[in-house]
A.B. asks: 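Have a look at the structure that comes next, please.
Below, all heavy atoms of this structure are taken into account, side chains as well, without hydrogens, waters or symmetry copies.
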Amino acid sequence: MKQDTSEARAIVVYGASSEDIKQEYKDAARETGKLIAEAGCALVCGGGRQGLMKAAIDGALDAGGEAIGVLPQFMIDNNWQHPGLTRMIATASMHERKHTMAMMAVAAIACPGGCGTFEELLEIITWRQLNLYRGQVVILNTDGYYDPMLQMFDRAIEQGFMHADHKRLFTVATTAAEAVAAALQPVDPRTFSQKIH
């Protein structure tokens with residue numbers, strides 16, 4: 001894998017496609033999109049027309065930024081894409097979608113979400129561990145949403161399933177401003193342990 005540095009800097013945002021969630025989560029995602037645009041970065045995301053993806057896209061567009069949506073063709077065929085996307089990229093599969101988003105981005109921010117968001121977050125953390133992805137990974141822990149997952153990471157470390165060093169694979173932020181600031185920090189090029197000793 002090689003990240004694409006030929007275009008303007010971009011930050012990928014993962015998040016729920018559900019609308020049936022608290023407004024607080026939508027507000028944080030919208031602010032994240034806005035701050036990404038104000039930082040001069042493009043927003044890359046799954047391109048959905050609902051939920052936190054919609055909120056982040058709206059935030060970026062309202063701030064005059066670029067919003068790039070990456071969707072598998074079946075989602076486009078079902079008209080699931082946000083109508084205001086600056087650019088849309090069609091992929092053949094979900095796997096290609098995730099790879100494309102990651103390789104376009106200098107950093108990844110995970111807003112609250114469900115199974116799809118969890119998968120994207122854990123995969124990008126794993127890619128970071130394996131040095132397949134060299135960008136920052138930030139967990140936007142709005143209203144403590146990710147506290148149980150963070151506790152699970154601690155449990156995995158305590159019981160020998162993860163190395164303590166792996167907590168440095170990601171940064172936890174409580175606000176959109178903290179998340180975007182962390183995403184823009186230089187990346188430590190260090191190699192992470194691959195095995196538990």
A.B. asks: Do the ring planes of His99 and Trp127 sit parallel (below 30°), tilted (30 to 60°) or perpendicular (above 60°)?
C.D. replies: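 Geometry flag for Trp127 against His99: perpendicular rings.
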
A.B. asks: So, using side chain to side chain donor-acceptor pair (under 3.5 Å) as the criterion, who are the partners of Glu19 when residues are at least two apart?
C.D. replies: Lys26

A.B. asks: On a heavy-atom basis, which atom in Phe170 and which in Ile125 lie closest, and how many Å separate them?
C.D. replies: CD2-CD1, 3.8 Å

A.B. asks: Would you list the atom pairs, donor with acceptor, under 3.5 Å between side chains in residues 108-121 and any protein atom, with sequence neighbours excluded?
C.D. replies:
| residue | atom | partner | partner atom | Å |
| --- | --- | --- | --- | --- |
| Thr117 | OG1 | Gly15 | O | 3.4 |
| Glu119 | OE2 | Lys98 | NZ | 2.6 |

A.B. asks: Is there a continuous path of hydrophobic side-chain contacts, each under 4.5 Å between heavy atoms, that joins Met53 to Ile11?
C.D. replies: no

A.B. asks: Just list the side-chain donor-acceptor pairs under 3.5 Å for residues 40-51, sequence neighbours left out, or say none.
C.D. replies:
| residue | atom | partner | partner atom | Å |
| --- | --- | --- | --- | --- |
| Arg49 | NH1 | Asn79 | O | 3.3 |
| Arg49 | NH1 | Gln81 | O | 3.3 |

A.B. asks: Taking atom CG of Asn78 as the centre, report whether more than 12 heavy atoms of other residues, nucleotides or ligands fall under 6.0 Å from it.
C.D. replies: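 Yes, enclosed.
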
A.B. asks: Return the set of residues passing side-chain contact (heavy atoms from CB on, under 4.5 Å) with Gln185 (not counting sequence neighbours), or none when no residue passes.
C.D. replies: Gln136

A.B. asks: Going by salt bridge (Lys or Arg N to Asp or Glu O under 4.0 Å), name the residues that satisfy it together with Asp143, two or more places apart in sequence or in a different chain.
C.D. replies: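 Here the qualifying residues are Lys22.
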
A.B. asks: Of all the heavy-atom pairs spanning Val13 and Ala56, show the shortest one and how long it is.
C.D. replies: CG1-CB, 4.4 Å

A.B. asks: What residues, two or more places apart in sequence or in another chain, satisfy salt bridge (Lys or Arg N to Asp or Glu O under 4.0 Å) together with Asp62?
C.D. replies: Arg30

A.B. asks: How far apart are the closest heavy atoms of Ala182 and Thr171, and which atoms are they?
C.D. replies: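 Scanning both residues, the minimum pair turns out to be CB-CG2, 4.0 Å.
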
